[in-house]
Amino acid sequence: MALLPILQYPNPKLYTVAAPVGVVNDEIRKLIKDMSDTMYAAPGVGLAATQVNDHRRVIVIDISEAHDQLQVFINPEIIASSGTATCEEGCLSVPGIFEKVKRAERITVCALDARGHSFTLDAEGLLAVCIQHEMDHLEGKVFVDYLSRLKQQRILAKLKKQQRQVM
Ligand code: NI
């Protein structure tokens, strides 16, 4: 089990746009294993490779209570979306901060799984929110970017204070 360090907002590396995965091989599967170990240990419900400073299009999500339903999305694309839903979101890169973000209510996502097989999934509710949140990371976007300038400044001040307490 390998736990990877998670980049903390506002680390500029979080603003990197990830590159598509060419071949889903054992190296990618190792990354997936390390990312899921890191996500479960945090604990969190989703993690994008961007957050562990690997800039390839890989996402892991598990919204189950028992943490036994890992979902892997490689090179994900949203091919359809509808409705709007506002949900309170948090992020392992922005610890202790929870803010409402407006997103599509339902999405259809197409991706590769850990074996490199393509699949299409209809998602709504928390899963849809999670997929959109993690896909934003691959585009170099953090949920804080959706908030007002004032809220962003407050969050930065709060995070600085938290970091001082840790050190
Ligand atoms: Ni996040």
Side-chain angles (χ1 to χ4, degrees), residues 6-11 14-21 24 28 31-32 35-36 38-52 54-156 158-159:
I6 298 174
L7 295 176
Q8 298 296 295
Y9 177 83
N11 190 313
L14 286 170
Y15 291 89
T16 310
V17 178
V21 171
V24 181
I28 293 290
L31 172 65
I32 289 165
M35 282 174 61
S36 54
T38 304
M39 172 182 76
Y40 288 130
V45 294
L47 191 71
T50 310
Q51 293 176 275
V52 292
D54 186 311
H55 302 285
R56 290 177 288 184
R57 296 188 167 264
V58 178
I59 288 170
V60 294
I61 291 176
D62 189 341
I63 57 165
S64 70
E65 295 252 324
H67 291 176
D68 59 358
Q69 285 169 46
L70 181 69
Q71 290 178 284
V72 175
F73 301 83
I74 300 167
N75 299 343
E77 303 265 3
I78 291 175
I79 54 172
S81 64
S82 62
T84 53
T86 303
C87 184
E88 193 161 82
E89 298 186 16
C91 179
L92 293 177
S93 294
V94 197
I97 306 291
F98 300 90
E99 293 285 348
K100 284 181 176 159
V101 177
K102 195 162 127 188
R103 298 191 185 272
E105 188 180 11
R106 285 172 298 273
I107 58 167
T108 302
V109 62
C110 182
L112 301 177
D113 64 19
R115 294 170 305 164
H117 297 161
S118 127
F119 66 95
T120 302
L121 176 78
D122 293 315
E124 57 179 16
L126 178 60
L127 182 59
V129 169
C130 227
I131 293 169
Q132 292 173 85
H133 175 116
E134 302 310 335
M135 282 183 69
D136 271 355
H137 280 301
L138 302 181
E139 295 302 327
K141 196 163 187 180
V142 182
F143 82 107
V144 174
D145 301 335
Y146 289 105
L147 307 174
S148 70
R149 199 95 196 108
L150 182 65
K151 269 192 179 166
Q152 290 182 19
Q153 282 162 358
R154 281 186 187 152
I155 288 168
L156 282 168
K158 194 173 168 188
L159 291 172

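Along the sequence shown, residues are numbered consecutively beginning with 1.
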Inset, instruction - Output yes when a side-chain donor or acceptor of Asp145 lies under 3.5 Å from a complementary backbone atom of Val142, and no otherwise. - result: yes

Legend entry - Main-chain N/O of Ala48 paired to Gln51 side chain as donor or acceptor, under 3.5 Å: yes

Inset, instruction - Taking all non-hydrogen atoms of both residues into account, name the closest pair between Thr16 and Thr50 and its distance. - result: O-CG2, 4.2 Å

Inset, instruction - Mark yes when over 12 heavy atoms from residues, nucleotides or ligands other than Glu77 sit less than 6.0 Å from its CD; otherwise mark no. - result: no

Inset, instruction - Hey, could you give me the CG/CD1 distance between Leu150 and Ile155, rounded to the nearest 0.5 Å? - result: 10.0 Å

Inset, instruction - Give a yes or no answer on whether the side chain of Asp54 reaches the backbone of Ala49 with a donor-acceptor pair at less than 3.5 Å. - result: no

Inset, instruction - Please round to the nearest 0.5 Å and tell me the distance separating atom CG of Leu14 and atom NZ of Lys141. - result: 14.0 Å

Legend entry - Ile6 backbone acceptor or donor facing Gln8 side chain under 3.5 Å: yes

Legend entry - Rounded distance (nearest 0.5 Å) linking atom SG of Cys91 with atom CD1 of Ile97: 11.0 Å

Legend entry - For His67, ring pair (Phe, Tyr, Trp, His ring centres under 6.0 Å) partners two or more places apart: Tyr40

Inset, instruction - State, with a plain yes or no, whether a side-chain heavy atom of Val17 is found less than 4.5 Å away from one of His55. - result: no

Inset, instruction - State which residues pass side-chain contact (heavy atoms from CB on, under 4.5 Å) with Glu89; sequence neighbours excluded, sorted by chain then number. - result: Val101, Arg103, Val129, His133, Phe143

Legend entry - Beyond-backbone contact of Ile28 with Arg56, side-chain heavy atoms, under 4.5 angstrom: yes

Legend entry - Distance, nearest 0.5 Å, that separates OG1 of Thr38 from CG of Leu47: 6.5 Å

Inset, instruction - For the pair Val144 and Val94, evaluate side chain to side chain contact (heavy atoms under 4.5 Å, CB included) and give the outcome as yes or no after the intermediate values. - result: CA-CA 8 Å; Val144 174; Val94 197; 3.9 Å; yes

Inset, instruction - Report yes if the side chains of Ser81 and Thr108 come closer than 4.5 Å at any heavy-atom pair, otherwise no. - result: no

Inset, instruction - Using a cut-off of 6.0 Å, state whether more than 12 heavy atoms not belonging to Glu88 lie near its atom CD. - result: yes

Inset, instruction - Taking Ser93 for its side chain and Leu7 for its backbone only, find out whether a donor-acceptor pair lies under 3.5 Å. - result: yes

Inset, instruction - Could you tell me which non-hydrogen atom of Ile107 sits nearest to which non-hydrogen atom of Ala104, and how far apart they are? - result: CG2-CB, 4.0 Å

Inset, instruction - Could you grab the distance from atom NZ of Lys151 to atom CD of Gln153, nearest 0.5 Å is fine? - result: 13.5 Å

Legend entry - Interatomic spacing from CG in Leu112 to CG in Asn75 - rounded to 0.5 Å: 5.5 Å

Legend entry - Within 6.0 angstrom of Arg106 CZ, more than 12 heavy atoms from elsewhere: yes

Inset, instruction - Using atom types as modelled and distance alone, determine if a side-chain donor or acceptor of Gln152 lies under 3.5 Å from a backbone N or O of Leu147. - result: yes

Legend entry - Audit row: Val58, Ile32, side chain to side chain contact (heavy atoms under 4.5 Å, CB included) steps and yes/no: CA-CA 8 Å; Val58 178; Ile32 289 165; 3.9 Å; yes

Legend entry - salt_bridge(Arg57, Glu139) N-O dist < 4.0 Å: yes

